[in-house]
Amino acid sequence: MSAAAAAIRENLTRLRDRIAEACIRANRAPASVSLVAVSKFNPAEAVEAALAAGQTVFGENRVQEASAKFPPLRPSHPALELRIIGALQTNKARDAVRLADAIETLDRPRLAAALADAMRKEERRPALLVQVNTGDEPQKAGVPRAEADPFLRLCRDEHGLAIDGLMCIPPAEEDPRPHFGLLAELAARHALPTLSMGMSADFEAAIACGATHVRLGTAIFGARPAPGPG
Ligand SMILES: *Cc1c(COP(=O)(O)O)cnc(C)c1O
């Protein structure tokens with residue numbers, strides 16, 4: 001095993017322990033939280049090392065990068081689950097539906113329409129999460145807080161989309177807990193089972209607030225290589 005692969009294995013072992021401990025502190029079953037390994041910008045070898053260490057759930061930001069990395073791994077890893085966690089362009093909706101098991105970044109009416117259309121054409125139904133811009137940050141993707149309720153209703157009533165849950169990325173410089181709490185409240189109000197929140201720096205707080213999916217990149221794979229073009 002290469003040194004890089006050994007480091008990924010060790011990191012995963014340590015993170016699984018920390019997730020289990022955070023669950024116990026929150027009176028939750030450790031199996032109630034999925035670790036999503038965010039492999040963006042990392043090479044296929046890093047994904048293979050994680051797979052060899054028993055990791056099956058992965059997150060990628062870009063459809064194109066994920067299309068190159070994941071389909072070749074599927075035949076030998078039937079349990080593999082790919083989640084799209086980056087901003088999704090409407091013209092990539094069909095590729096995303098073909099490729100992904102979950103799309104966590106549904107955040108506007110045109111994308112809802114495009115995904116509904118793509119799901120009909122592809123006869124494939126990835127799980128859908130609505131991304132909420134809990135900090136109402138102008139530069140950030142996600143539905144503004146005040147529009148979350150009507151947007152969830154639009155997805156359901158107008159486009160017939162079953163929404164599985166919510167996702168957020170809290171503002172970088174703030175205590176993330178109020179943002180996690182807000183997302184959990186919104187999910188409870190709409191009876192949505194899935195809460196994708198928490199990254200390498202704050203996943204334990206997210207678990208305390210009810211996260212069902214924590215998205216960890218650098219804590220598993222180390223500092224990311226620079227993104228490629230596009
Ligand atoms: C990159 C990324 C992550 C992982 O971030 P780390 O800090 O490396 O754990 C999680 N979620 C989203 C949406 C990301 O883009």
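Indexing begins at 1, ligand by ligand and atom by atom, following the structure's order. Worth saying up front: this structure is predicted, and the values here are computed from it rather than measured. Just so you know, these numbers use all the heavy atoms, side chains as well, and skip hydrogens, waters and symmetry mates.
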Atom indices of ligand 1 within 4.0 angstrom of [X] heavy atoms, with elements:
{"X": "I169", "result": "13 (C)"}
{"X": "L216", "result": "9 (O)"}
{"X": "M167", "result": "13 (C)"}
{"X": "N61", "result": "15 (O)"}

With a 4.0 Å cut-off on N to O distance, would you call [X] and [Y] a salt bridge?
{"X": "E204", "Y": "R18", "value": "yes"}
{"X": "D117", "Y": "R120", "value": "yes"}
{"X": "K69", "Y": "E65", "value": "yes"}

Starting from [atom], locate the nearest protein heavy atom and write down its residue, its atom name and how far away it is, to 0.1 Å.
{"atom": "atom 11 (N) of ligand 1", "answer": "R215 NE, 2.8 Å"}
{"atom": "atom 9 (O) of ligand 1", "answer": "S200 OG, 2.5 Å"}
{"atom": "atom 12 (C) of ligand 1", "answer": "I85 CD1, 3.5 Å"}
{"atom": "atom 10 (C) of ligand 1", "answer": "M199 SD, 3.2 Å"}
{"atom": "atom 15 (O) of ligand 1", "answer": "K40 NZ, 2.7 Å"}

Treating [X] as the side-chain partner and [Y] as the backbone partner, does any N or O pair qualify as donor plus acceptor under 3.5 Å?
{"X": "K140", "Y": "P170", "result": "yes"}
{"X": "E81", "Y": "A102", "result": "no"}
{"X": "R28", "Y": "I207", "result": "yes"}
{"X": "R74", "Y": "L80", "result": "yes"}

Quiz item: Can you check whether G217 has an N/O within less than 3.5 Å of an N/O in ligand 1?
Solution: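 Yes: some nitrogen or oxygen of G217 is under 3.5 Å from one in ligand 1.
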Exercise. Might you work through the side-chain hydrogen bond (donor to acceptor under 3.5 Å, both in side chains) test for S67 and R98, ending with a clear yes or no?
Key: CA-CA 10 Å; S67 310; R98 203 177 293 135; over 6 Å; no
Practice problem: Would you please determine whether E104 falls within less than 4.0 Å of ligand 1 on a heavy-atom basis? | Solution: no
